[in-house]
There are 2 protein chains.
Amino acid sequence: MDNYVQILKKNGLKVTPQRLEILKYLDTHRTHPTADTIYSDLKKTTPSLSKTTVYNTLQHLGEHGLVYTLTISGSELRFDSVINPHHHFLCKTCGSIIDIDIECPNARKVESAGGHRIDEVHGYFKGVCASCLKE
Amino acid sequence: MDNYVQILKKNGLKVTPQRLEILKYLDTHRTHPTADTIYSDLKKTTPSLSKTTVYNTLQHLGEHGLVYTLTISGSELRFDSVINPHHHFLCKTCGSIIDIDIECPNARKVESAGGHRIDEVHGYFKGVCASCLKE
DNA sequence: TATCATGTTGTAATGATTACAAGTTAGGGA
DNA sequence: TCCCTAACTTGTAATCATTACAACATGATA
Ligand SMILES: [Mn+2]
Ligand SMILES: [Mn+2]
Ligand SMILES: [Zn+2]
Ligand SMILES: [Zn+2]
């Protein structure tokens, strides 16, 4: 848990029990959960938790690059504390979001060619996962 | 306009004035508009148009692969009638979505390695566009 | 031209996210 | 260690995109 304290301090964020809980949750549940899932699960052990705090915290963590905010689903945001560059696969059958451990080889090229400054790279694949294909 | 009729017929979709209008709109406004923007603009010349029809039509067109539904913004869907594979850049300053004319080189590889069936590939970059960087 | 499945419309409901105001707390300085 | 205050948390209300639904209209087919 000291680990999470350091992460927050290093980024100039105040250390609060709620933020530690959310950081820990993301670190130990690598399922790309929604804000509501995080809220519901943490509410069991921290009944005073507010959903607004979950949203606020996720936004802060995102702004500081401590979580990755995925827009893959289109209907709700998904959160990921694994921040090394990787892609994602969304199974339209079972809804699971699977990590794809590759990095976009074109990002820097696009930046220099187009003159844009790229802060975030998102690679999304959608289809049917291997597990669902078997059935 | 006959062009749009052919596109619908070829895909077994009924030809209606509303669908033709929406197809034409997307083809002539390559700005990746929201459903609401399409609705508001078409409403000027077609006052009887319903927003539900815009949503329904976009969903049908999407299911038939005639439009590409972008989840890049996270708060609203964006639509694109240019369906050849390409990536997108979202400027967080001005909000514009810019086409990046590259294709993901990893898609087939991911498919064979992971055993998933990939139906859609989305490559999103987010940052500040060249035009906004100048200011 | 009659039929009917399909499309359209307007309105109401839903669900994720944000706004806001009041109470609470973390953490730097006395 | 204790205060002070800015920052954080909470609960509720509002917002906004999208979907559900039911009544009506229309396009394709025979
Ligand atoms: Mn991930
Ligand atoms: Mn495009
Ligand atoms: Zn699956
Ligand atoms: Zn811009």
Side-chain angles (χ1 to χ4, degrees), chain A residues 1-2 4-23 25 32-43 45-64 66-67 69-79 95 97, chain B residues 1-2 4-23 25 32-43 45-64 66-67 69-79 95 97:
Chain A
M1 187 61 95
D2 251 9
Y4 306 123
V5 173
Q6 294 319 312
I7 291 175
L8 290 174
K9 283 190 173 168
K10 199 175 302 175
N11 286 81
L13 291 167
K14 261 190 189 172
V15 177
T16 70
Q18 294 85 347
R19 287 175 179 182
L20 291 174
E21 287 294 328
I22 292 167
L23 261 187
Y25 184 91
H32 313 97
T34 66
D36 193 66
T37 299
I38 298 169
Y39 168 74
S40 303
D41 284 358
L42 291 181
K43 188 87 174 167
T45 53
T46 311
S48 70
L49 184 66
S50 164
K51 196 179 282 188
T52 299
T53 297
V54 176
Y55 276 103
N56 286 341
T57 298
L58 290 169
Q59 183 165 331
H60 278 124
L61 296 176
E63 287 166 355
H64 287 265
L66 299 176
V67 309
T69 303
L70 308 183
T71 62
I72 191 170
S73 111
S75 61
E76 59 199 5
L77 297 177
R78 300 299 200 104
F79 299 91
I97 295 175
Chain B
M1 187 60 92
D2 251 9
Y4 305 123
V5 174
Q6 294 318 312
I7 292 175
L8 291 174
K9 283 191 174 169
K10 199 175 303 174
N11 286 80
L13 291 167
K14 262 191 189 173
V15 178
T16 70
Q18 293 88 347
R19 289 176 177 181
L20 290 174
E21 287 295 328
I22 291 167
L23 261 187
Y25 184 92
H32 312 97
T34 66
D36 193 66
T37 299
I38 298 169
Y39 168 74
S40 303
D41 283 358
L42 290 181
K43 188 86 175 167
T45 53
T46 310
S48 71
L49 184 66
S50 163
K51 195 179 281 188
T52 298
T53 297
V54 175
Y55 276 103
N56 286 341
T57 298
L58 290 170
Q59 185 165 328
H60 278 124
L61 295 176
E63 286 166 357
H64 287 265
L66 299 176
V67 309
T69 303
L70 308 182
T71 62
I72 192 170
S73 111
S75 62
E76 59 198 6
L77 298 176
R78 299 300 200 104
F79 298 91
I97 295 176

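Residue numbering restarts at 1 for every chain, and letters A, B, ... go by the order of the sequence lines.
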Decide yes or no on side chain to side chain contact (heavy atoms under 4.5 Å, CB included) for A:Leu8 and A:Lys14, but give the supporting numbers first. CA-CA 7 Å; A:Leu8 290 174; A:Lys14 261 190 189 172; over 6 Å; no
Nucleotide nearest [X] (side chain, heavy atoms from C-beta), chosen from [options]:
| X | options | result |
| --- | --- | --- |
| B:Gln18 | C:dT8, C:dT17, D:dT19 | C:dT8 |
| A:Leu49 | D:dT9, D:dA17, D:dT10 | D:dT10 |
| A:Ala35 | D:dT19, C:dT17, C:dA26 | C:dT17 |
| A:Lys14 | D:dC8, D:dT19, C:dT9 | D:dC8 |
| B:Thr57 | C:dT8, D:dC8, C:dT9 | C:dT8 |

Atom-to-atom span, [atom1] of [X] to [atom2] of [N] - whole angstrom:
| X | N | atom1 | atom2 | answer |
| --- | --- | --- | --- | --- |
| A:Asp36 | C:dT17 | CG | P | 9 Å |
| A:Leu20 | D:dT9 | CG | C1' | 14 Å |
| B:Glu63 | C:dG7 | CD | P | 11 Å |
| A:Asn56 | C:dA19 | CG | C1' | 10 Å |
| A:Leu23 | D:dC8 | CG | P | 14 Å |
| A:Tyr39 | C:dT18 | OH | C1' | 16 Å |
| A:Leu58 | C:dT17 | CG | P | 10 Å |
| B:Leu77 | C:dT17 | CG | P | 13 Å |

Steps toward side chain to side chain contact (heavy atoms under 4.5 Å, CB included) verdict (B:Leu66, B:Leu13): CA-CA 11 Å; B:Leu66 299 176; B:Leu13 291 167; 3.9 Å; yes
Would you indicate what A:Ser48 reaches in the nucleic acid, counting non-hydrogen atoms under 4.0 angstrom: base, sugar-phosphate, or nothing? sugar-phosphate
Base, sugar-phosphate or nothing for B:Thr34? Non-hydrogen atoms, less than 4.0 Å.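 B:Thr34: no heavy atom of the nucleic acid under 4.0 Å.
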Test item: B:His32 side-chain N/O and B:Phe79 main-chain N/O as donor-acceptor pair under 3.5 Å: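 The answer is no, because no donor-acceptor pair under 3.5 Å joins these two groups.
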Please check if the side chain of B:Thr37 supplies one atom and the backbone of B:Pro33 the other of a donor-acceptor pair under 3.5 Å. no
Residue whose closest nucleotide on DNA chain C lies nearer the 5' end, A:Lys51 versus B:Pro17: B:Pro17
So does [X] get a side-chain nitrogen or oxygen closer than 4.0 Å to the phosphate oxygens (OP1/OP2) of [N]?
| X | N | result |
| --- | --- | --- |
| A:Arg19 | D:dT9 | yes |
| B:Thr16 | D:dT26 | no |
| B:Tyr55 | D:dT18 | yes |

A:Lys43, NZ: over 12 other non-hydrogen atoms inside 6.0 angstrom: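 More than 12 within 6.0 Å, yes.
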Can you find an N or O donor on one side and an acceptor on the other, under 3.5 Å apart, linking the side chain of A:Thr52 with the base of D:dG11?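 Yes, a donor-acceptor pair under 3.5 Å.
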